[in-house]
Amino acid sequence: MTSTSYITTPIYYVNDKPHIGHAYTSLAADVLARWRRLQGHEVFFLTGTDEHGQKVEKAAADAGMDPQSFTDRVSQHFRDLTGTMGLSNDAFIRTTEARHKRACQALWEKLASNGEIYLGHYEGWYAVRDEAFYGPDELTERDGVKYAPSGAPVEWVREPSYFFRLSAWQDRLLAYYEANPDFILPASRRNEVIAFVKSGLGDLSISRTSFTWGVKVPGDEAHVMYVWLDALTNYITAVGYPDDPAAFAKWWPAELHFVGKDIVRFHAIYWPAFLMAAGLPVQHRVFAHGWWTNEGQKISKSLGNVIDPVALVEEFDLDAVRYFLLREVPFGQDGDFSRSALVNRLNGELANALGNLANRTLSLIQRNCEATLPAPAETAPGDVALRALVAALPATVGGHLDRQEYHLALEAVMALAREANGYITVEAPWALKKTAPVRMAVVLRHLHDTLRALATVLQPFMPDTMAKLLAQLGVPEEARGLDHLATPLPAGLALPAPEPLFRKVEAAA
Ligand code: ME8
């Protein structure tokens, strides 16, 4: 692993407002970006908006606006989402920026000069909603209308089009997947992609003439680029392609493109093929996560059950929402959003297991140790299990996060919190003040060290709350990295009076 890390979210379409699905992908990317920073890596974390294409052109027309003003307005909602979700993105890209158009045209010219593009005719089934072509065998028909597997209606399109020689890359893509077993995660998605590529790749239509809202094809301005070629290129625009070779060399290839399972094909087939064909390195990984439903139902505007991240964060607090989304569902699998599950996690794990542990430990130190940190202590037999978990925690969590197993990382955190709660119950430090004050101090010090480890590794998940906890634990701001855990805090450190970290919530009526 290099010490630079470039992490991306999809760039979201500006035909709609952000919802929980967008917040989820961005959150997963944010947690990894924050974890890498905690490890001491230099990080570039990118999100943004995908603003071209027929779908946006139509949405703007429906709103009675010109496409640029329309995208200016809707893109702002996604910029606001970064604040709502507490994202630590280093940049926000929009595909309508001039630098991005230059990057698309530079990539196009490179592909053309490498002989990867030719002019032909496109004829086939196109779904505007997905901005994707489908084969006849993929379609279903209802009431005389044909539908893509995504449920989007398709229409027959015939127009001149430039093609990318995707078919020529089939074997090289398969060889690449073979040589890089973790290129596509989770494994179920990797198998799906491999099966799709093995079933045969046709050449890809990469320009359109039937609308104009896009990046013009260099040398043939009747054509605009296929929106996915335009959109995928954002990942290299943002790190300096083609104008800033030094920045590009520093950040590219990306460590990880986070996407939902709906767009894995574009990121794991087309994008590496474009990159290889242009002689550029391929990203290290694509992680395609699963789909959220709401109380068992598909989330859709027509069902009126879209979950608004702003409302959710207002009701439950940001860090509880961040924790819940990554804790509840194994990352990669589909998941169901339920209020009662959120309330259970918040009350049971955050307020009770973690919050009470912190509050009990810190209150005892306040009362019984003159509000100062007891000395580091030798490990007695009863302390062994706890100390072992504390020592292993950063590597355990790090190992899971290297594979984007957020749920397992959080399970490891909770296992330690449970162990510590068991320890405090068995050792009962509140009963030791008179009978065994030395042992009491030892027990409280072990608990304090445990909380410090928990709070340190939880920072990427719950940045604000863990900053509060670390302050209550007396850990200076500049000593909150993973490496600092190896250095014990000095005995005698003055500790502030603890305050509750989490707000319990009543189960919904
Ligand atoms: O596809 N559950 O943009 P998009 C989980 N512009 N994740 C969900 C979700 C749900 N119910 N709904 C949406 C595009 N998502 C293109 C991307 S990238 C070069 C171009 C998330 O606005 C998930 O990450 O339709 C999905 O892949 C993404 O939003 C689609 O966002």
Side-chain angles (χ1 to χ4, degrees), residues 7-30 46-56 59 71 74-75 77-78 81 85 87 92-96 100 103-104 107 127-132 148 150-152 189 213-215 225-238 254 256-272 274-275 283 286-303 305-309 312 325-326 328-337 404 406:
I7 294 167
T8 69
T9 75
I11 48 169
Y12 302 109
Y13 285 132
V14 287
N15 57 332
D16 211 349
K17 276 198 177 175
H19 66 65
I20 196 73
H22 308 118
Y24 182 58
T25 321
S26 295
L27 170 63
D30 183 59
L46 178 74
T47 188
T49 43
D50 183 358
E51 307 191 359
H52 289 131
Q54 202 170 357
K55 184 158 71 166
V56 174
T71 58
V74 187
S75 176
H77 295 310
F78 285 92
L81 180 72
M85 293 306 294
L87 305 183
F92 186 98
I93 192 166
R94 300 182 56 190
T95 55
T96 47
H100 176 67
C104 290
L107 181 64
V128 174
R129 206 166 88 190
D130 302 343
E131 303 279 18
S150 61
R189 298 285 160 237
W213 182 240
V215 181
M225 287 182 202
Y226 175 43
V227 67
W228 273 101
L229 173 56
D230 165 349
L232 290 161
T233 303
N234 94 85
Y235 299 131
I236 55 176
T237 307
L256 195 40
H257 294 318
F258 281 94
V259 298
K261 65 180 182 179
D262 55 328
I263 56 175
V264 65
R265 228 184 247 189
F266 301 97
H267 286 80
I269 301 174
Y270 299 174
W271 184 225
F274 294 150
L275 289 166
Q283 78 269 20
V286 177
F287 195 109
H289 65 67
W291 220 237
W292 281 95
T293 49
N294 184 2
E295 312 277 351
Q297 276 192 316
K298 184 176 168 5
I299 297 176
S300 89
K301 222 154 76 168
S302 51
L303 288 173
N305 65 350
V306 175
I307 301 167
D308 175 6
L312 204 60
L325 289 174
L326 293 174
E328 185 66 11
V329 177
F331 197 63
Q333 293 178 23
D334 293 341
D336 186 42
F337 180 88
Q404 292 73 57
Y406 299 98

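Since we're looking at a predicted model, the values are computed, not measured. Worth knowing before you read on, the calculation uses all heavy atoms, side chains too, and leaves out hydrogens, waters and symmetry mates. One is the number of the first residue; the rest follow in order along the sequence. Remember, it's 1-based here, ligands and their atoms both numbered in the order they're listed.
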Under 3.5 Å, N/O to N/O: give me all the pairs between ligand 1 and the protein, one per line with atom names and distance.
unit_1, atom_1, unit_2, atom_2, d
ligand 1, 2 (N), Trp292, N, 3.0
ligand 1, 6 (N), Ile11, O, 2.8
ligand 1, 6 (N), Asp50, OD2, 2.7
ligand 1, 11 (N), Trp292, O, 3.3
ligand 1, 22 (O), Tyr13, N, 2.9
ligand 1, 24 (O), Thr25, OG1, 2.6
ligand 1, 24 (O), Gly260, N, 3.2
ligand 1, 27 (O), Gly260, N, 3.0
ligand 1, 27 (O), Asp262, OD1, 2.7

Inter-residue atom distance Asp230.CG - Asp50.CG, 0.5 Å rounding: 6.5 Å

Those residues that, when tested against His289, pass ring-ring contact (aromatic ring centres under 6.0 Å, His included) (two or more places apart): Tyr24, Phe331

His77: partners by ring-ring contact (aromatic ring centres under 6.0 Å, His included), with sequence neighbours left out: none

According to the interplanar angle, ranging from 0 to 90°, do the rings of Tyr270 and Phe274 count as parallel (below 30°), tilted (30 to 60°) or perpendicular (above 60°)? tilted

Ion pair present between Asp334 and Lys261, side-chain N to carboxylate O less than 4.0 angstrom? yes

Checking Tyr13 now: which residues fulfil ring-ring contact (aromatic ring centres under 6.0 Å, His included) with it, not counting sequence neighbours? none

